[in-house]
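Please read the structure below before turning to the comments.
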2 protein chains.
Amino acid sequence: MSEFAVIERSTPAVGATAVITGRARYTTDLYPPGTLVAKLLHTTYPHARLLEIDAARALTLRGVVTVLTAEDFPGPNSYDLYDTDQPLLIEVGECARYQGDAVAIVVAETEEAAVAALEAIVVRYEPLEGLFDPVAACQPGAPQVWADRPNIYDHLHFEQGEVDRAFAEADIVIEAEYQTQCMEQAFLEPEGAVAVPGRDGEITVYAGCQAPHRDRRQIARSLALPETRVRVVVPYVGGAFGGKDETHVQIHAALAALKTGRPVRLIRTREESLLTHVKRHPIRVQYRTAARGDGKLMAVEVRGYGDGGPYANMTRQVMEVFAIHASGPYYVPCGRIDAYSVLTNNPIAGAMRGFGMPQAHFACEQQMDRLARALDLDPLEIRRINAIETGSKLATGVTSLEAAGMRDSLEEAAQMIGWNERYRRERQPAPHLRRGFGIASVMQGYLLGPKVRDDAATVTLELGVDGSLTVRLGVVDYGQGSHTVLAQIAAEALGVTVRDTRVITPDTDKTLEAGSACSSRVTFICGHAVLRAAEVIRRGLLDAGAELTGHPAGTLNLRDGHLHGPDGSLPPSIAELANLARRSGHQLSATGYYAATGEYPEGIFDENVLANPCGYYTFGAQTVEVLVDVETGEVQVERICLALDAGRVLNPVAALGQAEGGLSQALGYATMEELVIEEGRTRNLSLESYLIPTSRDVPTTEVRFLDSVDKYGPYGARGLAELPIVPGAAAIANAVRDAVGADCTELPLTGERVLAAMHGQPVAA
Amino acid sequence: MSEFAVIERSTPAVGATAVITGRARYTTDLYPPGTLVAKLLHTTYPHARLLEIDAARALTLRGVVTVLTAEDFPGPNSYDLYDTDQPLLIEVGECARYQGDAVAIVVAETEEAAVAALEAIVVRYEPLEGLFDPVAACQPGAPQVWADRPNIYDHLHFEQGEVDRAFAEADIVIEAEYQTQCMEQAFLEPEGAVAVPGRDGEITVYAGCQAPHRDRRQIARSLALPETRVRVVVPYVGGAFGGKDETHVQIHAALAALKTGRPVRLIRTREESLLTHVKRHPIRVQYRTAARGDGKLMAVEVRGYGDGGPYANMTRQVMEVFAIHASGPYYVPCGRIDAYSVLTNNPIAGAMRGFGMPQAHFACEQQMDRLARALDLDPLEIRRINAIETGSKLATGVTSLEAAGMRDSLEEAAQMIGWNERYRRERQPAPHLRRGFGIASVMQGYLLGPKVRDDAATVTLELGVDGSLTVRLGVVDYGQGSHTVLAQIAAEALGVTVRDTRVITPDTDKTLEAGSACSSRVTFICGHAVLRAAEVIRRGLLDAGAELTGHPAGTLNLRDGHLHGPDGSLPPSIAELANLARRSGHQLSATGYYAATGEYPEGIFDENVLANPCGYYTFGAQTVEVLVDVETGEVQVERICLALDAGRVLNPVAALGQAEGGLSQALGYATMEELVIEEGRTRNLSLESYLIPTSRDVPTTEVRFLDSVDKYGPYGARGLAELPIVPGAAAIANAVRDAVGADCTELPLTGERVLAAMHGQPVAA
């Protein structure tokens with residue numbers, strides 16, 4: 001019998017039946033009586049001064065209720081995620097700085113009337129010169145995106161050890177430059193909000209989002225309402241991947257509802273979604289690696305230029321995570337890392353699954369292959385030589401915890417794909433095809449870092465006297481399965497089944513703040529909060545058990561709906577225990593709070609660490625097999641193997657789902673996905689032209705979780721949500737290099753780029 | 001400047017504007033789309049065997065959807081407050097035992113169709129002999145209400161000291177018998193429930209009630225649903241007074257919704273309400289008092305027979321509270337108290353404001369006046385002589401805490417009415433009128449007693465970063481103002497204003513269990529829970545304050561929206577503190593739990609206490625002036641004065657409202673209110689024939705709260721909700737005796753009864 005009754009099992013996802021049967025209601029399914037339709041009027045100019053908005057004609061159209069502009073916000077006209085530089089609507093006289101800036105909200109009785117109003121509004125702009133190259137933007141004398149603000153609005157510099165001396169003394173130095181592309185989250189459900197005004201000036205906003213309590217604060221702020229007058233309810237959410245971390249149209253919809261006194265729907269079309277929301281940062285990476293002749297790394301020097309578009313959003317944070325991961329999961333005694341957050345008039349970049357890590361790995365893991373080739377070492381071997389171990393210091397100054405999984409993953413991933421036998425496979429299975437194998441290590445930091453002291457969650461549990469359990473979660477599950485895993489943790493701790501467990505989903509009136517569903521933090525942070533709440537209730541149940549059975553409480557356990565003693569199940573059911581505990585004055589409902597900062601093991605951050613380093617990491621390795629068509633350059637990925645050490649896997653099928661989804665997303669990142677942006681304008685504003693992998697594109701994927709229990713995670717689990725997307729592009733690029741000898745340093749590896757690399761030519765613009 | 005910024009102020013009631021403007025929505029205002037109407041078919045027989053229910057014709061009527069009977073309950077067919085002897089619907093072959101028993105639920109498209117269906121159902125009964133006299137029911141050989149159960153289903157006996165010896169040695173013994181009537185709560189809003197089925201078999205029940213979480217358990221039990229599938233939401237509630245402590249029609253409505261798959265409204269008419277719900281117990285009290293010649297009490301011997309009707313409900317608990325209060329707020333060294341819970345076929349009695357206390361005081365306080373007369377002492381003096389003091393032992397074996405207010409209240413109440421000058425007032429202001437003055441002491445125990453270990457509450461607070469505060473209360477405010485007082489406690493503790501405080505009202509999905517709104521427990525228990533939650537948040541704010549100002553946290557306070565130091569207000573606002581605290585990893589939301597049992601001061605309950613004694617008491621005294629019409633016997637109450645020691649008064653106007661309401665209710669109890677029950681059938685099933693005091697009946701009332709701070713209550717407050725109804729009947733009876741020399745031992749003191757007492761005749765049946 002397993003040690004556990006609920007975790008380590010592939011419990012079906014909470015809410016899955018509703019999703020599968022179509023009963024699940026998403027934001028777009030909500031039509032409160034009397035609902036109006038709102039739409040945003042976007043500039044489409046990458047850079048222009050707004051001179052005038054004339055809505056007079058629009059307001060005469062049948063069914064048009066109102067047109068709102070910047071001055072209509074009772075509170076600050078800005079998003080407020082970290083900085084407040086992004087306006088919700090551009091004010092007359094001010095500049096629009098990217099194509100997705102909005103200038104007005106139209107509110108109408110019908111969709112048709114709203115569209116007609118959008119077309120009838122006359123807006124006059126003074127087009128301004130745009131700045132579109134982030135590296136050029138860093139040069140002295142470059143034109144400014146903001147008159148009063150440097151284009152490099154943040155520069156993160158970190159240095160450890162004698163870097164220059166290491167490079168001088170190195171047996172070998174590898175230097176290369178890499179460029180990643182602008183990537184779209186491509187969540188299934190475009191952003192939308194339905195805002196419903198209450199009878200006393202309060203407002204309820206329904207929206208798929210990642211951080212409902214933070215959204216509430218932002219809505220309250222811009223509407224100049226007390227937080228207590230704003231309720232945010234999260235219906236089912238069709239994906240996010242970071243793209244819904246900042247508010248999208250919640251504040252606009254709420255303003256429209258407040259001004260009209262009627263419910264308002266504001267749902268973005270796919271085109272509007274692609275036009276507006278934050279993307280994955282294109283990062284230019286300049287990378288130098290110094291090593292000894294035996295392959296031991298001596299130093300890295302990395303410069304990354306992240307193109308954040310015109311507003312701060314999370315660029316600084318993404319570039320920090322990039323920097324933290326720039327040297328990969330390797331022991332490097334010396335490092336110099338510079339990460340530049342650059343303003344341009346390109347689309348805004350912000351959070352997307354991986355958050356700087358895929359870009360860092362794309363560079364670092366190709367560097368490792370280059371080094372291996374230069375030293376005539378196997379790519380696996382060079383990674384074995386340098387892989388970090390428990391207690392070794394990362395280039396960011398952090399002492400790594402529980403890192404044994406790094407080496408084990410490498411061996412496992414190699415074994416899965418048959419690494420050592422790879423040259424026995426035919427290298428040229430058809431005249432135009434070349435086979436190649438690639439490997440990449442991965443480390444994925446999780447949580448928000450020790451300096452973010454509000455990386456915290458509050459979770460409430462309620463046990464019924466019938467043994468049924470309610471878990472109130474303020475953290476969003478937008479498809480990852482996190483609610484299922486948290487319900488499992490709660491059920492395990494209290495000895496009930498997941499079937500008897502109900503999750504109350506995020507609603508600021510029902511659930512308490514648990515932070516954003518981001519940074520692979522949910523299982524870890526909220527899981528700990530669940531355990532703390534459960535512990536309070538559990539104590540009462542065990543006391544009741546002791547009273548009923550005469551066994552000391554310390555020898556008792558809860559499992560499978562029953563009390564358990566040292567010799568197995570005892571008669572009292574959890575329901576009986578709950579009844580007695582309640583009648584004995586024990587709490588059956590409790591709130592657990594967990595804040596990560598104070599809980600990190602002491603001493604892992606030295607005084608010289610990168611500003612806000614990661615403390616916890618999940619490790620893994622990916623191997624791939626590709627076929628490259630030497631005539632078209634097309635990359636066909638044949639197999640993808642991923643081994644990872646995610647600690648204890650609480651729900652195998654959910655973890656596998658995370659992994660498989662991430663591997664597909666990485667395949668898209670590596671080979672096909674790219675927002676084509678010309679002079680700040682996105683040319684492929686549809687999912688017909690922005691291509692993501694379909695089921696026909698995704699090859700066999702194999703995933704193995706190492707048998708492991710993390711010392712710090714709830715029930716030994718680690719964060720794993722982002723890891724699967726991180727190493728893929730690097731592994732595939734390494735495999736392409738293996739197949740055709742071409743270094744592909746620009747993503748994605750389209751046929752055109754691979755052909756150009758094979759022939760040593762630049763890619764045509 | 002007062003020590004406090006929020007409490008001790010007459011903050012307007014939370015929700016008052018909505019109530020006053022008619023925007024408040026009560027259960028009866030809810031009409032979800034597609035709602036059906038349900039009604040209950042009552043037996044109206046006091047005792048009969050149900051032989052057959054034939055709904056065939058009813059089911060053919062247009063608009064009738066279904067007729068449900070006992071067998072339709074998936075779970076137990078019983079109420080479950082303490083015992084489970086009361087069926088929700090009588091089963092065929094079983095007995096109906098009081099007029100309000102129901103046999104079927106009709107569900108129809110319209111009210112008219114439901115009424116027609118009720119009339120079309122053919123029910124056959126075998127009428128059985130009823131048992132209507134509780135004292136006769138206690139005699140050997142009396143017919144049985146239940147074949148398998150004695151009529152005296154509970155007998156509580158308590159004895160302390162050498163009672164018989166005390167009576168033998170007494171200088172004087174006073175013996176009399178008293179009879180109280182069956183009283184109706186007469187809440188404004190008759191009982192009702194609206195049940196709405198969900199998409200996955202779950203159900204939401206909206207109902208005015210007193211204990212939503214307990215109702216949820218009961219609904220889940222009888223519907224055989226997990227608790228997690230049942231949600232209970234409490235809209236505005238128009239009064240309860242104990243009459244909604246047990247579920248009323250929630251389970252019936254939920255069953256109808258579950259069976260039909262549609263929302264169901266089940267709202268009782270006033271007549272149905274009067275017919276069915278629990279009333280205040282009629283209690284026959286046999287009372288003997290032994291005293292010394294100087295007036296010192298030596299012993300009491302009290303027997304009370306409580307007529308509970310046919311089902312247990314809360315009769316045992318009421319009789320226990322009766323017993324606890326039987327000897328009043330006096331030091332009596334010896335006591336023998338017997339309290340009988342008797343089954344009859346009369347209406348069920350249960351909780352009603354006062355809960356056995358008014359009946360006990362009606363007897364005890366008349367005994368004190370008789371004793372005073374016999375010894376030629378002033379009624380005030382006899383009370384002074386015997387009033388308990390802090391540390392003296394009550395007849396129940398409990399050491400009284402903080403009892404100084406008892407004597408102070410007596411002096412204050414006497415002073416208020418001009419007790420010592422009362423004989424200067426004209427005794428015969430008109431030929432037919434006689435003036436009299438009466439006094440009565442009162443002690444009101446609060447909370448559920450130390451043996452009820454789940455006398456507990458869980459409350460959640462959330463502070464916004466803008467300084468706005470949300471208080472989530474699972475305890476019902478049905479008009480008392482308790483939510484206002486709890487919001488004040490929270491606001492005071494966190495230095496914000498009540499204006500910035502929002503209360504989330506009871507909803508099992510939003511709020512946690514806080515127990516029933518009963519037993520004058522809400523301010524005390526929930527107030528403590530609020531303080532515990534506030535303390536968690538407060539710590540973070542003060543730490544932030546220390547960080548911002550450099551003052552040690554221990555010297556800082558929160559008040560009026562700002563940080564305060566030893567010298568007054570400091571710049572940081574609560575909003576700034578909240579922001580910093582949050583960013584520093586402090587909780588801004590927290591749950592507080594308080595269970596009374598473990599918190600009672602040690603040693604106040606000796607090993608010989610009455611089963612579940614009260615530990616905390618509020619004391620007071622009432623004086624009244626009456627005019628009695630010697631021709632009609634009519635009692636005109638001219639003035640009512642109440643002095644009480646309720647500890648710190650957190651909201652003066654709310655406390656005054658409680659007091660004035662209770663004094664009016666006591667006036668009705670004393671002089672006019674009576675359910676006229678003949679052979680188990682209530683003859684006055686309307687508020688035209690069951691008369692409660694109107695504004696024209698209520699004389700000038702004066703209320704004074706002693707200046708006091710309780711050592712154990714939150715901010716020094718005591719429970720006071722029930723006290724004002726407790727002494728009135730005794731004080732008025734004493735005044736009538738003073739006016740016309742007649743001992744009125746039966747309630748209410750109608751003209752007929754007073755005349756009969758004046759002429760030494762029994763009242764005509």
Side-chain angles (χ1 to χ4, degrees), chain A residues 17-18 23 25 33 199-200 202 213 216-217 220-221 225-230 452-456 458 460 462-472 474 499-504 507-513 533 536 581-593 595-598, chain B residues 17-18 23 25 33 199-200 202 213 216-217 220-221 225-230 452-456 458 460 462-472 474 499-504 507-513 533 536 581-593 595-598:
Chain A
T17 308
R23 279 187 294 109
R25 300 218 292 175
R199 298 170 143 221
D200 295 308
E202 77 277 14
H213 287 79
R216 176 171 64 170
R217 280 195 290 278
R221 175 179 169 272
L225 289 173
E227 282 183 38
T228 49
R229 311 293 276 173
V230 178
V452 181
R453 298 174 63 91
D454 60 345
D455 188 5
T458 312
T460 302
E462 286 176 276
L463 185 67
V465 293
D466 58 358
S468 66
L469 176 65
T470 303
V471 185
R472 300 192 192 186
R499 179 185 288 271
D500 288 333
T501 303
R502 171 187 170 219
V503 171
I504 294 187
D507 172 341
T508 55
D509 265 13
K510 295 180 178 175
T511 60
L512 297 174
E513 181 159 19
V536 174
R582 189 182 174 286
R583 280 183 285 112
S584 305
H586 288 291
Q587 289 182 250
L588 289 191
S589 53
T591 292
Y593 177 75
T597 298
Chain B
T17 308
R23 279 187 293 111
R25 300 219 293 177
R199 299 170 144 221
D200 294 307
E202 77 279 14
H213 287 78
R216 175 172 65 173
R217 281 195 290 278
R221 175 180 169 271
L225 289 174
E227 282 182 38
T228 49
R229 312 293 275 173
V230 178
V452 180
R453 298 175 61 93
D454 60 344
D455 188 5
T458 313
T460 301
E462 287 177 277
L463 184 67
V465 293
D466 58 358
S468 65
L469 177 65
T470 303
V471 185
R472 300 193 192 186
R499 179 187 288 273
D500 288 333
T501 303
R502 171 187 169 219
V503 171
I504 293 188
D507 172 340
T508 56
D509 265 13
K510 295 179 179 177
T511 61
L512 297 173
E513 180 157 19
V536 175
R582 189 181 174 286
R583 280 183 285 111
S584 305
H586 289 291
Q587 289 181 250
L588 289 192
S589 53
T591 291
Y593 177 75
T597 298

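For the numbers below, each heavy atom of this structure counts, side chains included, while hydrogens, waters and symmetry mates do not. To find a chain, count down the sequence lines: A is the first, B the second, and so on, and within it residues start at 1.
Here the closest heavy-atom approach between residue B:Pro226 and residue A:Asp466 is recorded as CA-OD2, 3.3 Å. Closest non-hydrogen pair, A:Thr228 versus B:Leu469, comes out as CG2-O, 3.4 Å.
Here A:Ser468 is the residue among A:Ala595, A:Ser468, A:Gly598 with the most heavy-atom pairs under 4.5 Å with chain B. Each of A:Arg472, A:Arg216, A:Arg217 has some count of heavy-atom pairs under 4.5 Å with chain B, and the biggest count is that of A:Arg472. Each of A:Ala596, A:Ser584, A:Ala456 has some count of heavy-atom pairs under 4.5 Å with chain B, and the biggest count is that of A:Ser584. If you tally non-hydrogen atom pairs under 4.5 Å between each of A:Gln587, A:Arg583, A:His586 and chain B, the highest count goes to A:Gln587. Interface remark: of the candidates A:Thr458, A:Thr597, A:Val465, A:Val465 forms the most heavy-atom pairs closer than 4.5 Å to chain B. In terms of heavy-atom pairs under 4.5 angstrom with chain B, the leader among A:Thr511, A:Asp455, A:Val536 is A:Thr511.
A donor-acceptor contact shorter than 3.5 Å is absent between the side chain of B:Arg453 and the backbone of A:Gly585. Distance alone, capped at 3.5 Å, is enough to place a donor-acceptor pair between the A:Arg199 side chain and the B:Arg23 backbone.
Taking the salt bridge (charged side-chain N to carboxylate O under 4.0 Å, His left out) definition, one finds that B:Asp509 meets it with A:Arg502, A:Lys510, B:Arg231, sequence neighbours left out. For A:Thr460, the side chain to side chain donor-acceptor pair (under 3.5 Å) partners two or more places apart in sequence, or in a different chain, are A:Thr591.
In this structure the side chain of B:Glu462 never reaches within 4.5 angstrom of the side chain of A:Glu227, judged on heavy atoms. Between A:Leu588 and B:His213 the shortest side-chain heavy-atom distance does not fall below 4.5 Å.
For A:Arg499, no part lies near chain B; criterion is any non-hydrogen pair under 4.5 Å. Using a 4.5 Å cut-off between heavy atoms, B:Leu225 touches chain A through its backbone atoms (N, CA, C, O) alone.
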